[in-house]
**Q** 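Sharing a structure with you now.
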Amino acid sequence: MSTPATPPATPAAPVTTIAEIGQHEGQSITLRGWLYNLRSSGKLLFPTFRDGTGTIQGIVPKAAVPERVFETLKTLTLESSLVVTGRVRADSRAPSGFELDVDDISITQRIPDETPFPIQLKEAGVDFLMEHRHLWIRTPRQSAILRVRATIQRAAAEYFDTNGFFRTDPPILTPNACEGTSELFEMDYFGDDKAYLTQSGQLYIEATALALGKVYSFGPTFRAEKSKTRRHLTEFWMIEPEVTYLDLDGLMSLAESFLTHIVSRVLETHRADLKLIGKDITKLEAVIAPTSTAEACHPERSAAESKGPEGADITPTAAPLSTTPAPTTTSSAGHAEGGKSPRSGFPRLTYDEAHAMLVDAHARGLIETAHTYGDDFGSPDETYISSQFDKPVMVHRYPAAVKAFYMQPDPLDPTKALCVDVLAPEGYGEIIGGSQRVDDYDLLKSRIEQHNLPLAAFQWYLDLRKYGSVPHSGFGMGIERCVAWICGLEHVRETIPFPRTLNRIYP
RNA sequence: UCCUGAGUAGCUCAAUGGCAGAGCAUUCGGCUGUUAACCGAAGGGUUGUAGGUUCGAGUCCUACCUCAGGAGCCA
């Protein structure tokens, strides 16, 4: 059923993409893509083409093209693949500003009438779209999301690559299921042993950090928890930096600088995609806008971020990457200094301050359930906290009891852990979780025992504190939640080409 | 795991316990500026599965299956 592709009538027309078509105004060009939509008005056809970089409408007056071209296009089925030659013309009626006066087409493959492309232009249900995810990703909105995802991934890696980090890859198959509380995917490992898909490379990345200094990993992560929400996937991608001689405050500066860079890059190159997706771009501009401490917040905002004059040389805002200081140069070894935070663009709240904010919100009837001091924040709590700010908010120093065993206690209050959660604006929840790690052998050993974890499995991890231990910190960012936030999506399933969820592993 | 909701044409959805319907898609016809184009016509159904109540069930009852989103947990 395929038609051999024949050379277009004007082979001299250079091949270009729809994204770059504006550079060819008045010229003849060749596009290689698919028929996205077709409207007709008697002897005038309006085919819309797509090529993966965007869409453009073509114009085909019957009198202006050979009979063969008009008749072929008139009955062509949607999503058939083809090569088009035509002349680029600026037109104020076109959404993108340009239209294509079609000269010739060459069909690569025509979809038969009996088996039309399943995804229609009109709305469809989630179940149907997910069942056809392999085709759904061709539609303009999904393609735009995947393009933004690619840029977010590139910007994230680029940030670390250009700031002295070495990319390092932790194992995906791990030998024990006891790193934390998450449920893991289990598999047979040559009969005698069980293996598990990694839930985080962090412990291994700590080891490579002690080998290389500043490292990051970027790979898939697996959680077998039976979560069914718009924020959860069973397989997702995480980028995790780990830095020696970095304390919690330095880590927060790193996270801020990192996120600022990502948002800046997306705004540089994806304004059209964000508009297509429906994201309010001003919300992203607010994230990277240089701010005084007075303007980035709502009245409820606490005074936490106005503490501490030191670290004023760190001003990670919308500055280009090249001028963004490497955060590790500004934080000193082992000097976690309690509540003193450098001034920054992203608000920083201690757990206690966030708790007070929630108590106040409950008293005023803004949230349903009262937060219990000492408990971790629930999803509605995080949504409320983040809704009070225009920028990602960093909540730090949670009660150690609700956090992981490897987190360093706050020397000013050992019941607190030197950790930070970064909550994305607009209720997108936690996108980054990180901490300063326990660097003392005896303390870490007792923590492992307190958590009833098998010492033997962690001996290698304890070795890191036995042989040249240093203060170090790191965080992990889930790519999908970051994409969902930046694109303004209802559900993380749209942020990855083939989402894996509790009830779906097809296609 | 718990709570809630939904399964009817290829898709999105209607239908007081009383003849199974519309829009889109498909096919045929019309239209020289359409923007999910529009106008006319045609074809298209084992109402998720299995029982039950009833003169009569898409509709009521029971069980099961599938999916969705919320809680918990997390990124």
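Here the structure is a predicted model, which is why all the values come from computation and not from measurement. Numbered from 1 within each chain, the chains take letters A, B, ... in sequence-line order.
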**Q** Can you tell me the pairing partner of B:A75 across any strand shown, Watson-Crick or G-U wobble, with both distances under 3.5 angstrom?
**A**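 The answer is none; no pair meets the criterion.
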**Q** Can you check the distance between B:G52 and B:G40, where both ends of the measurement are the P atom (answer in whole Å)?
**A**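 Those two atoms are separated by 47 Å.
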**Q** Among B:C73, B:G33, B:G69, which nucleotide has an atom closest to any side-chain atom of A:Lys228?
**A**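 Nucleotide nearest to A:Lys228's side chain: B:G69.
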**Q** Examine B:A75: is either OP1 or OP2 under 4.0 Å from a nitrogen or oxygen in the side chain of A:His232? Give yes or no.
**A**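 Checking B:A75 against A:His232, no side-chain N or O comes under 4.0 Å of OP1 or OP2.
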**Q** Please report the closest heavy-atom contact between A:Cys482 and A:Ile431, naming both atoms and the distance.
**A**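 The pair with the smallest heavy-atom distance is N-CG2, 4.1 Å.
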**Q** Could you tell me the separation between the CD atom of A:Glu430 and the P atom of B:G72, rounded to a whole number of Å?
**A**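 In whole Å, B:G72 P and A:Glu430 CD are 13 Å from each other.
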**Q** Look at the side chain of A:Ser41 and the base of B:C38, then say whether one donor and one acceptor between them are separated by less than 3.5 Å.
**A**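 No such pair is found, so the answer is no.
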**Q** How many whole angstroms separate atom NZ of A:Lys122 from atom P of B:U12?
**A**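 The answer, rounded to whole Å, is 13 Å.
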**Q** Run the side chain to side chain donor-acceptor pair (under 3.5 Å) test on A:Thr77 and A:Ser80 for me, step by step, so that the C-alpha distance in whole Å, both residues' side-chain angles and the decisive distance to 0.1 Å come before the verdict.
**A** CA-CA 6 Å; A:Thr77 42; A:Ser80 289; 2.8 Å; yes
**Q** Mark this stacking check for A:Phe236 against B:A75 as yes or no, applying ring centres under 5.5 Å and ring planes under 30°.
**A**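 Yes, aromatic ring over the base.
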**Q** Give the rounded distance in Å between these two atoms: NE2 of A:His132 and P of B:C67.
**A**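 Distance, rounded to whole Å: 15 Å.
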**Q** What's the CD1-C1' distance between A:Ile496 and B:A75, to the nearest Å?
**A**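 So the two atoms are 12 Å apart, to the nearest Å.
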**Q** Is A:Asp421 paired with A:Lys403 through a side-chain N to carboxylate O contact shorter than 4.0 Å?
**A**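 Salt bridge between A:Lys403 and A:Asp421, a charged N being under 4.0 Å from a carboxylate O: yes.
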**Q** Less than 4.0 angstrom between a side-chain N/O of A:Arg493 and OP1 or OP2 of B:G69, yes or no?
**A**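 So the side chain of A:Arg493 is within the cut-off, an N or O lying under 4.0 Å from OP1 or OP2 of B:G69.
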**Q** Using whole Å, report how far CD of A:Gln120 lies from C1' of B:G10.
**A**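 My rounded result for the distance is 8 Å.
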**Q** Please name the nucleotide paired to B:A63 by Watson-Crick or G-U wobble geometry with both distances under 3.5 Å, or report none.
**A**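 B:U49 is the nucleotide pairing with B:A63.
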**Q** Take atom NZ of A:Lys226 and atom C1' of B:C2, then tell me their distance rounded to the nearest Å.
**A**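 So the two atoms are 13 Å apart, to the nearest Å.
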**Q** Rounding to an integer number of angstrom, what distance separates B:U32 and B:C13 when you compare their C1' atoms?
**A**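 Between the two C1' atoms, the distance is 35 Å.
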**Q** Within the structure, does a side-chain N or O atom of A:Arg223 lie under 4.0 Å from either OP1 or OP2 of B:G72?
**A**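 It does not, given that no N or O in the side chain of A:Arg223 lies less than 4.0 Å from OP1 or OP2 of B:G72.
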**Q** In whole Å, what separates the C1' atom of B:A57 from that of B:U62?
**A**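 Going atom to atom, C1' in each nucleotide, I get 15 Å.
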